Amino acid sequence: MKTTIQKIIITALKSARADGVLPSSDFPEVLIDTPKHESQGDYSTNIAMMAAANQKMPPGKIAQAIVARIKDDDGIFSDVQIAGPGFINFSLNPAAWYPILHRIHRQDRQYGASGEGNGCRVQVEFVSSNPTGPLHVGHGRGAAIGDSLANIMSFSGFDVQREYYINDSGRQIQTLGRSVFLRYLALHGREAAFPDDCYQGDYIATIAEAVKADKGESLLQVPEEDAIMYCARFATDQILRGIRDDLKLFGVEFDRWYSEQSLYDDGKVDQILEDLRTKGLVYKKDDASWFRTTAYGDEKDRVVIRKNGQTTYLASDIAYHHDKYLRGFDRVIDVWGADHHGYIPRMKAAVEATGQSPDQLDVILVRLVNLLRGGEPVAMSTRAGKFITLKDVIDEVGRDAARFIFLTRHHDSPLDFDLALASKKTNENPVYYVQYVHARIASILLKSRERKIDLSSIDEIDLACLSAKEEVTLMKRMAAFPETILRSAEQMAPHHVAFYLMDLAGAFHTYYNKHRILTDSTEKTRGRLYLVMAIQKVIRNGLTLLGVSAPERM
RNA sequence: GCGCCUGUAGCUCAGCUGGAUAGAGCAACGGACUUCUAAUCCGUAGGUCGCAGGUUCGAAUCCUGCCAGGCGUACCA
């Protein structure tokens with residue numbers, strides 16, 4: 001609808017220019033807005049004000065010149081007014097909205113999709129939690145955001161790949177192996193001190209038992225180093241399998257799991273460091289190797305190879321990101337916890353130093369989740385190994401509620417997640433508010449079948465009966481779905497879709513309470529069913545993008 | 001100290017990249033089930049958009065300086 005009006009305005013502008021009324025043909029972009037107040041019409045544009053400077057004319061005059069030349073061939077406008085400092089406000093006839101309904105039914109699951117991304121290859125990397133323990137709530141938020149964003153961008157015509165980066169190399173894996181081995185020793189009655197820097201959680205002991213079941217006492221006979229190695233690999237596999245299962249339960253599946261260790265095994269880390277050395281971007285100082293990130297605006301250079309010869313996390317990350325672009329991605333989006341924000345400048349530097357534009361990397365910083373139960377903070381300590389896992393949350397509140405709540409806030413805003421509230425089936429819980437719309441409509445459709453209401457050739461019925469205020473509101477809201485998706489993709493912000501759905505749901509519930517769908521009039525009933533079925537499709541499409549189910553009954 | 005982020009109704013948050021009279025939900029108060037699901041709806045009340053300047057026709061939104069909070073500031077990840 002917006003683009004339709006936009007075209008009409010551009011035509012009017014050109015015509016005004018041709019008539020010599022406007023001195024310049026250099027027009028700013030015509031933006032169509034939805035005004036806040038109903039008295040200001042359905043849509044508005046500020047083009048007259050925007051053009052004032054260029055045209056050297058007062059906005060009012062420009063607006064008049066435009067309005068006088070508006071060609072409304074399809075008769076969509078009921079009123080066009082100039083208001084305030086130079087806004088042009090458009091009011092639409094109810095009939096102008098009817099094509100939206102047809103479009104929704106025709107496009108069905110594709111309504112809201114676009115080719116905006118032009119097949120641009122995008123990789124979204126998210127979660128990428130270390131395989132040293134189960135996923136917790138914070139990872140859940142990242143998972144929900146990353147997965148939904150991937151859905152939304154894919155729906156918007158981007159060629160999206162989801163990737164999980166496995167940090168299966170380095171010291172923490174060693175520590176993991178040692179932690180498991182120590183618990184394993186304890187299971188064989190060999191008490192040993194369990195250091196603070198080992199992983200404390202109960203899951204370590206569980207894994208140790210699995211090792212025992214698998215290997216019996218045989219690990220006691222091999223050199224400790226080998227035993228720890230074995231435990232490390234065993235534990236990583238096991239934990240990773242758990243992570244995979246939890247994510248699947250959460251509705252998240254990755255296209256690729258990328259191993260950090262493989263970067264070393266394939267020599268990619270050495271290679272990239274050598275390349276950078278040749279370019280003079282990696283140099284030696286104090287027996288360590290430094291990456292010259294200051295050349296790209298970072299506040300200090302960063303170590304890539306430590307004095308002891310071990311590479312840092314950054315080293316493999318340079319190789320990893322370079323590899324992403326080698327694999328053909330035009331854009332890379334990383335979803336990180338906000339506490340890693342200090343890492344962005346050096347990562348951007350890495351991208352630029354390896355031949356890409358820093359704009360090809362976007363980092364979405366996801367803020368902390370505060371876990372509450374009935375308003376009281378839930379004590380969490382990763383150190384002591386006491387924390388609520390993502391799986392706990394899914395088991396307690398359900399996948400739909402969890403995912404939706406994670407998406408009701410901008411990623412840059414901290415999120416209070418109240419377990420008591422999330423499992424409540426009341427109006428305090430927005431997910432049910434939205435899902436209820438889908439279920440209610442399903443129920444109406446069931447009833448309409450019972451009453452043997454003829455839905456054949458419903459596409460051809462006369463929609464003139466849809467003229468109630470609430471009906472027009474609903475059509476208008478539904479017309480805004482595609483642009484909401486687009487904005488969400490552009491801003492990489494899935495929460496817009498959640499807010500949109502709550503808004504549309506509200507409009508439906510209002511309508512439902514005021515008007516009956518199944519009436520005595522066959523015509524009216526068929527028209528309203530057509531409307532309501534469209535709403536159901538939009539709700540379903542939106543929920544699907546968020547990874548939330550659209551139930552037939554509740 | 002320096003850097004990044006945040007500050008909007010009592011609470012939790014939106015605010016379409018500068019538009020008109022500031023928007024939801026919750027909480028509070030008052031109403032609506034003989035109806036297609038009350039997991040719903042209707043109404044009332046609630047604001048110096050942290051503070052102070054600046055930019056312009058116009059600022060919650062942009063620039064500067066303060067104030068408050070969070071995070072970061074490793075040869076950890």
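It should be emphasised that the depicted structure is a prediction, and the values quoted were computed from it without experimental measurement. Proteins get letters first, then strands, A, B, ... in listed order; numbering begins at 1 in each.
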Report which part of the nucleic acid Phe87(A) touches: base, sugar-phosphate, or nothing (heavy-atom distance under 4.0 Å, all strands). base
Ignoring the backbone of Tyr433(A), work out which of rA14(B), rC16(B), rU40(B) is nearest its side chain. rU40(B)
Looking only at side-chain atoms of Met49(A), point me to the closest of rG19(B), rU40(B), rC13(B). rG19(B)
Give me the distance, rounded to whole Å, that separates rG23(B) from rG30(B) when you measure between the C1' atoms they each carry. 23 Å
Could you tell me whether Lys424(A) contacts a base, only the sugar-phosphate backbone, or nothing, with contacts defined as non-hydrogen atoms closer than 4.0 Å? nothing
Below the 4.0 Å mark, does rG3(B) have OP1 or OP2 next to a side-chain nitrogen or oxygen of Tyr343(A)? no
Using a heavy-atom cut-off of under 4.0 Å over every strand shown, decide if Arg516(A) touches base, sugar-phosphate, or nothing. base
Side chain of Gln40(A) - closest among rA20(B), rC13(B), rG19(B): rA20(B)
Give Lys307(A) one of three labels, base, sugar-phosphate or nothing, depending on what nucleic acid heavy atoms sit under 4.0 Å from its own. base
What nucleic acid atoms does Arg302(A) come within less than 4.0 Å of, heavy atoms only: base, sugar-phosphate, or nothing? nothing
Classify Met502(A) by what it touches in the nucleic acid, base, sugar-phosphate, or nothing, heavy-atom distance under 4.0 Å. nothing
Return the nearest nucleotide to the side chain of His410(A); candidates are rA14(B), rG15(B), rC75(B). rA14(B)
Just call it for Thr484(A): base, sugar-phosphate, or nothing, with non-hydrogen atoms closer than 4.0 Å on any strand. nothing
How far does the P atom of rG69(B) sit from the matching atom of rU8(B), given to the nearest Å? 14 Å
If the glycosidic angle sits within 90 degrees of zero it is syn, else anti. Tell me which applies to rU17(B). syn
So what does Asp286(A) touch, heavy atoms closer than 4.0 Å: a base, only the sugar-phosphate, or nothing? base
Mind checking Ser44(A) for me? I need base, sugar-phosphate or nothing, with any heavy atom below 4.0 Å counting as a touch. base
For the side chain of Trp290(A), counting heavy atoms from C-beta on, which of rC75(B), rU21(B), rC36(B) is nearest? rC75(B)
What interatomic distance, in whole Å, is found between P of rG7(B) and the corresponding atom of rU12(B)? 13 Å
Could you measure between the two P atoms, the one in rC26(B) and the one in rG65(B), and give it in whole Å? 41 Å
Within the structure shown, what part of the strands sits under 4.0 Å from Asp412(A) by heavy-atom distance: base, sugar-phosphate, or nothing? sugar-phosphate
Whole-Å C1' distance, rA59(B) and rU17(B): 13 Å
Among rA77(B), rG72(B), rC16(B), which is the nearest nucleotide to the side chain of Arg306(A)? rA77(B)
Can you see whether Phe508(A) has Arg440(A) sitting over its ring - NZ or CZ less than 6.0 Å from the centre and within 45° of the normal? no
Represent RNA chain B in dot-bracket notation, 5' to 3'. Only Watson-Crick or G-U wobble pairs with both distances under 3.5 Å count; pseudoknot-style crossings use [ ] and interstrand partners use |. (((((((..((((.....[...)))).(((((.......))))).....(((((..]....))))))))))))....
Taking atom C1' in both rC33(B) and rC41(B), what distance in whole Å separates the two? 11 Å
Between rU12(B), rU21(B), rG15(B), spot the one nearest the side chain of His495(A), thanks. rG15(B)
